[in-house]
Amino acid sequence: MSEGVRGGNAWTRPAAEVVALLTWAERFLERSGVPKPRLNAERLLSHCTGRSRVELYAYPERTLREEERRSFVGAVARRSRREPLQYITGTAFFRYLELSVDPRVLIPRPETEMLVERALALLRGTGGHPLVVDVGTGSGCIALSLARECPAAVVHATDLDPRALSVALENARRLGMEGVVRFHLGDCLSALPEDMRGTVDLVVSNPPYVREGDFQSLPPEVREHEPRSALVAGPRGTEVHLRILREALSWLTPGGWLLMEGGEDQMGELAVVARDMGYVEVRVHEDLNGRPRMVEARLTPRDGFT
Ligand SMILES: C[S@@+](CC[C@H](N)C(=O)[O-])C[C@H]1O[C@@H](n2cnc3c(N)ncnc32)[C@H](O)[C@@H]1O
């Protein structure tokens with residue numbers, strides 16, 4: 001007979017253990033204000049037992065080992081304090097990659113997968129071995145995805161935060177991509193070797209874009225656990241975008257592209273500034289919910305070339 005968790009509802013049949021644990025965790029997480037409490041409970045139990053969510057339901061008669069039960073209770077307690085699920089499991093999925101994440105880096109967001117999709121479309125229009133730079137790489141999700149999905153590209157990535165860069169390097173190593181992406185510690189594009197100036201085919205970035213004044217209204221998962229330096233750009237929210245727009249003018253090759261993610265209320269300003277700076281083919285792309293989230297701009301191609 002299973003001993004089980006005795007947080008109020010004890011049970012006697014071993015077959016009920018998985019279901020009872022999930023029900024207990026779901027209620028506990030719901031009371032703590034965690035969105036989608038059942039899904040969170042399932043993911044955590046799956047993580048702590050090494051069984052898929054399908055297996056948990058398909059073989060509910062399997063009992064848990066004591067350490068699995070203890071680890072699950074600990075994980076649920078952490079999630080109830082609004083620690084993000086991905087920091088507890090240590091893993092985030094992004095496109096075709098399974099990445100390690102921890103509080104040193106922003107958890108990659110699904111909408112950033114669209115940035116990669118658009119970057120790949122732009123790279124398809126370039127020949128040879130296009131030179132790509134991901135500014136503010138964090139976990140390395142954009143740079144590693146581009147290198148994996150466009151093997152002809154030569155990919156560089158920068159980040160101002162050495163702790164974030166360590167995570168990106170660890171991810172490259174774990175994915176067997178060590179040396180495939182070249183990582184540089186430093187500010188925006190100035191972190192790159194000087195001989196790359198004027199040669200870059202694509203600058204891509206998901207920079208910090210939260211306004212200082214909006215920080216307190218972010219969900220606790222974000223505000224209290226993700227790195228503030230990955231989120232907040234300054235009083236306006238577009239400070240890092242504007243720096244990248246300005247700097248990219250001297251790093252892009254003629255006809256090279258700049259592609260950045262941002263907040264929906266920032267796209268109009270960024271498109272206007274890009275045109276004022278002399279970029280051409282400036283476009284704003286919407287996400288799957290129809291919200292403007294990506295700005296794209298091109299450095300004027302050399303006469304006679306496209
Ligand atoms: C919003 S996170 C994006 C991380 C990752 N690219 C992603 O999409 O999940 C922004 C990243 O930019 C880095 N960053 C902030 N300011 C920077 C700067 N001036 N130069 C380079 N990186 C910067 C932060 O350390 C953080 O890793």
Side-chain angles (χ1 to χ4, degrees), residues 84 86-87 91-95 97-120 132-149 155-172 175 181-193 196 200 202-212 214-215 218-219 221-223 225-248 251 258-264 266 270 287 293-295:
Q86 293 90 335
Y87 287 162
T91 302
F93 295 90
F94 185 84
R95 292 183 68 85
L97 305 179
E98 185 177 336
L99 297 162
S100 291
V101 290
D102 63 34
R104 291 174 291 175
V105 288
L106 189 97
I107 297 163
R109 305 294 203 263
E111 52 268 34
T112 306
E113 298 191 10
M114 285 189 58
L115 190 76
V116 173
E117 197 65 48
R118 182 63 197 154
L120 289 168
V132 181
V133 179
D134 169 25
V135 178
T137 197
S139 63
C141 58
I142 298 172
L144 292 166
S145 291
L146 290 174
R148 177 62 66 84
E149 296 182 56
V155 183
H156 290 251
T158 74
D159 206 293
L160 193 54
D161 184 346
R163 293 163 309 160
L165 222 46
S166 312
V167 176
L169 277 162
E170 284 160 28
N171 276 319
L175 293 164
V181 174
R182 273 151 266 188
F183 294 101
H184 308 271
L185 176 65
D187 195 5
C188 290
L189 288 148
S190 65
L192 297 170
M196 279 175 62
V200 178
L202 172 67
V203 172
V204 63
S205 184
N206 174 23
Y209 55 81
V210 174
R211 274 185 214 91
E212 266 162 16
D214 292 341
F215 181 72
L218 295 173
E221 278 86 351
V222 181
R223 189 182 67 234
H225 297 278
E226 296 199 272
R228 190 185 158 103
S229 57
L231 297 162
V232 178
R236 294 171 60 85
T238 48
E239 285 82 351
V240 187
H241 293 100
L242 296 175
R243 298 234 344 260
I244 297 172
L245 270 167
R246 210 172 307 117
E247 289 186 20
W251 289 92
L258 170 59
L259 182 65
M260 295 186 289
E261 183 176 320
E264 59 182 308
Q266 300 171 340
L270 294 175
D287 65 14
R293 293 299 305 277
M294 264 189 281
V295 63

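Computed from heavy atoms alone, side chains included, the values below leave out hydrogens, waters and symmetry copies. In listed order, ligands and their atoms are each counted from 1.
Put simply, the side chain of Val133 reaches to within 4.5 Å of the side chain of Leu189, judged on heavy atoms. Phe93 places none of its side-chain heavy atoms less than 4.5 Å from the side chain of Gln86. With contacts defined as side-chain heavy-atom distances shorter than 4.5 Å, the pair Pro108/Val101 qualifies.
The two residues Val181 and Ala157 have their closest heavy-atom pair at CG1-CB, 4.1 Å.
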Contacts table for ligand 1: protein N or O within a distance under 3.5 Å of ligand N or O, distances only.
residue: ligand 1; atom: 6 (N); partner: Gly136; partner atom: O; Å: 2.8
residue: ligand 1; atom: 6 (N); partner: Thr137; partner atom: O; Å: 3.3
residue: ligand 1; atom: 8 (O); partner: Asn206; partner atom: ND2; Å: 2.9
residue: ligand 1; atom: 19 (N); partner: Asp187; partner atom: OD1; Å: 2.7
residue: ligand 1; atom: 20 (N); partner: Cys188; partner atom: N; Å: 2.7
residue: ligand 1; atom: 22 (N); partner: Leu160; partner atom: N; Å: 3.2
residue: ligand 1; atom: 25 (O); partner: Asp159; partner atom: OD1; Å: 2.7
residue: ligand 1; atom: 27 (O); partner: Asp159; partner atom: OD2; Å: 2.7

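Checked by atom type, the side-chain pair Tyr209/Glu261 shows a donor-acceptor distance below 3.5 Å.
For the salt bridge (Lys or Arg N to Asp or Glu O under 4.0 Å) condition, the pairs that include at least one residue of residues 235-248, sequence neighbours left out, are Asp187-Arg243, Arg236-Glu269, Arg243-Glu247.
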